[in-house]
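Please read the structure below before turning to the comments.
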Amino acid sequence: MKKFFTILIVLVAIFLFRSEIKDAGDKLSNYIQINILNKYENNQGDEENNLDNMENNYSDSGMEDENNGNNSNVSNGSYINYENYKNIRLGQSVKDIKSKLGEPNKIEKSEYGFDWYVYNSDYSKFCMVGILQHKVVALFSNTMDSCESNIKLGTTESQVLKNYKPLEYRLKGNVRYIINEDYYSVIKTKTCYITAFYDSFDGNKVVGIQIISKKVEENMDGIYSTDSSICGDFENVNRYLINSERFNKNLNTLSYDENATLCARSHSKDMRDNDYFAHNNLKNQTPFDRMSSYNINYMAAAENIAGGQTSGIFAHYALMNSKGHRVNILGDYKYIGVGVVFGGSLSMYLTQNFYK
């Protein structure tokens, strides 16, 4: 009898193990369409012939941040000393952060329940500081190193793997969420969990570093948020990252577009509610059909979709490590709309609409 129960417990444990991102490689898709306006009235080109061989990126630049990342160090009337980000420690008080770094440009909610203090008035020094109960519990930057991490931006993946043993899974209760993607590594230290994001198109170098305090990571129940009130925060963070990416590659930042955002949200919701993952919906409407229904007039448009990632940050790096999606994110567009919903078989759905 004792042997029977032992076997039963092992079988239950195995049954509960699941992948953190279900077939994430297959849960990215992109679409693109270019309408060439010429002297012929209403002639917008051959829609079919303007698609890539496979599902391509849609692109839409949605909304423009108030500052456009134009190297302004002023936030809400106060000066931002970006260089002090490098010396911020976990556990510091929010009062200390504001005195050393300045008032944030934005505040967005995270999947962990803390607030991201977003500093993006200068996209060349983009960073975020996670605040919970008036203390620093998280850090993120794709432009500056942190004293909390020995892993530095520009380090190659091979160097990281040589010096550290990344986690193979995230353990939540009796459930293991398997880490099965190669665009990031999670390193556990005595005080925190460090996620190094790589760029497979630039020598697998570290291009973003997220640091989460040990207590916050281990106190989180599961890995996905179910709080629909923060979907907009995920959208915003994803958009900030896109504009930071573009700014630092000498491209124009994308302006927020309300109709593109509503269109993107609607498609994410439709995929979740009807349990599918594709650019064409179950009525066979293309992204461009949907954009037209939201009164979006475009010369060129594109769409990216992603599912199963745990945040707007992870979705960004998943898409940037896929050639077609990367082309859309860095494409010749002016506007963007990002739509996120939680739930369904993939736990999170994200749609990006770009256009000009």
Side-chain angles (χ1 to χ4, degrees), residues 21-36 45-62 142 180-184 197-205 207-208 235 238-239 241-246 248-254 260 263-264 267-268 270-271 276-281 284-291 296 298-309 312-340 346 348-356:
I21 301 177
K22 299 179 180 178
D23 300 323
D26 295 328
K27 299 308 178 187
L28 300 174
S29 191
N30 57 77
Y31 216 127
I32 189 167
Q33 172 167 304
I34 298 174
N35 287 347
I36 301 173
D46 186 343
E47 188 173 274
E48 187 70 27
N49 290 334
N50 281 326
L51 300 180
D52 286 347
N53 291 333
M54 299 186 67
E55 286 187 317
N56 298 315
N57 320 8
Y58 290 99
S59 72
D60 139 323
S61 57
N142 59 352
N180 56 8
E181 290 301 313
D182 57 7
Y183 67 90
Y184 70 91
F197 296 99
Y198 306 116
D199 187 343
S200 61
F201 296 93
D202 186 17
N204 287 317
K205 294 176 183 176
V207 291
E235 294 168 357
N238 186 256
R239 182 172 49 80
L241 283 169
I242 289 172
N243 275 337
S244 176
E245 202 83 56
R246 291 177 64 90
N248 287 295
K249 288 178 171 56
N250 297 315
L251 301 170
N252 64 290
T253 56
L254 303 179
C263 183
H267 188 54
S268 290
D270 190 52
M271 288 191 291
Y276 71 95
F277 187 79
H279 290 290
N280 286 13
N281 63 23
N284 204 32
Q285 292 175 319
T286 69
F288 315 113
D289 293 330
R290 295 192 295 272
M291 289 182 193
I296 297 171
Y298 59 87
M299 294 179 62
E303 177 179 90
N304 287 341
I305 57 176
Q309 294 77 27
I313 298 173
F314 278 83
H316 173 73
Y317 286 107
L319 292 166
M320 280 297 291
N321 276 279
S322 171
K323 184 176 181 179
H325 304 93
R326 183 188 186 93
V327 167
N328 283 342
I329 290 172
L330 302 178
D332 182 15
Y333 301 105
K334 292 183 178 180
Y335 305 99
I336 186 170
V338 180
V340 170
L346 295 180
M348 187 189 85
Y349 294 78
L350 180 145
T351 301
Q352 297 168 341
N353 285 158
F354 308 83
Y355 78 94
K356 69 174 183 179

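Source: prediction; values computed, not measured. In what follows, residues are counted from 1 in the order of the sequence shown.
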- prompt: If we ignore angles and hydrogens, is there a donor and acceptor under 3.5 Å between the side chains of Thr286 and Asn280?
  reply: no

query: Within a strict 4.5 Å, meaning less than it, do heavy atoms of the Ile313 and Leu241 side chains meet?
result: yes

- request: Quick one: pull up OH in Tyr183 and CG in Asn204 and give me the separation to the nearest 0.5 Å.
  value: 14.0 Å

statement: Between Leu346 and Gly307 the two heavy atoms that sit nearest each other are CD1-CA, 4.0 Å

message: Quick one, Tyr317 and Val207 - any side-chain contact, counting heavy atoms below 4.5 Å?
response: yes

message: Could you check whether atom CG of Asp182 has more than 12 heavy atoms from other residues, nucleotides or ligands sitting under 6.0 Å from it?
response: no

field: Minimum heavy-atom distance between Ser200 and Asn321, given as atom pair plus value
entry: N-OD1, 2.7 Å

- request: Check the pair Met320, Glu245 against side chain to side chain contact (heavy atoms under 4.5 Å, CB included), reporting the backbone distance first and the verdict last.
  value: CA-CA 10 Å; Met320 280 297 291; Glu245 202 83 56; 3.6 Å; yes

query: Roughly how far, to the nearest 0.5 Å, is CD1 of Ile329 from NZ of Lys249?
result: 10.0 Å

field: Asp270 and Arg290 ion-paired at < 4.0 Å
entry: no

- request: Measure the CG-CG distance between Asn142 and Asn248 for me, rounded to the nearest 0.5 Å.
  value: 6.5 Å

task: Classify the side-chain pair Gln309/His316 by whether it contains a donor and acceptor separated by less than 3.5 Å.
output: no

Test item: side-chain donor near acceptor, Thr351 and Asn304, under 3.5 Å: no

Closest heavy-atom pair and its distance - Tyr349, Ser268: O-OG, 3.7 Å

query: Going by atom types only, do Asn238 and Gln352 share a side-chain donor-acceptor pair under 3.5 Å?
result: yes

message: Between Tyr184 and Phe314, is the ring centroid distance below 6.0 Å?
response: yes

- request: Specify the closest pair of heavy atoms between Ala264 and Gly337, including all atoms of both residues, with the distance to one decimal.
  value: CB-O, 3.8 Å

message: Determine whether Leu330 and Ile242 satisfy the following criterion, side chain to side chain contact (heavy atoms under 4.5 Å, CB included), listing intermediate values before the conclusion.
response: CA-CA 8 Å; Leu330 302 178; Ile242 289 172; over 6 Å; no

field: Side-chain heavy-atom pair Phe277, Ile305 within 4.5 angstrom cut-off
entry: yes

- request: With sequence neighbours excluded, tell me which residues meet ring-ring contact (aromatic ring centres under 6.0 Å, His included) with Tyr198.
  value: none

field: Contact summary for Met348 and Ala315, nearest pair of heavy atoms
entry: CE-CB, 4.2 Å

message: When you compare the side chain of Asn243 with that of Leu254, does any pair of heavy atoms fall below 4.5 Å?
response: yes

query: Do the side chains of Asn281 and Tyr276 get nearer than 4.5 Å, heavy atoms only?
result: yes

field: Pair Asn252-Arg246, side-chain donor/acceptor within less than 3.5 Å
entry: yes

With sequence neighbours excluded, residues passing side chain to side chain donor-acceptor pair (under 3.5 Å) with Glu235: Arg265

field: Flag side-chain contact, heavy atom, 4.5 Å: Arg326 against Phe201
entry: yes

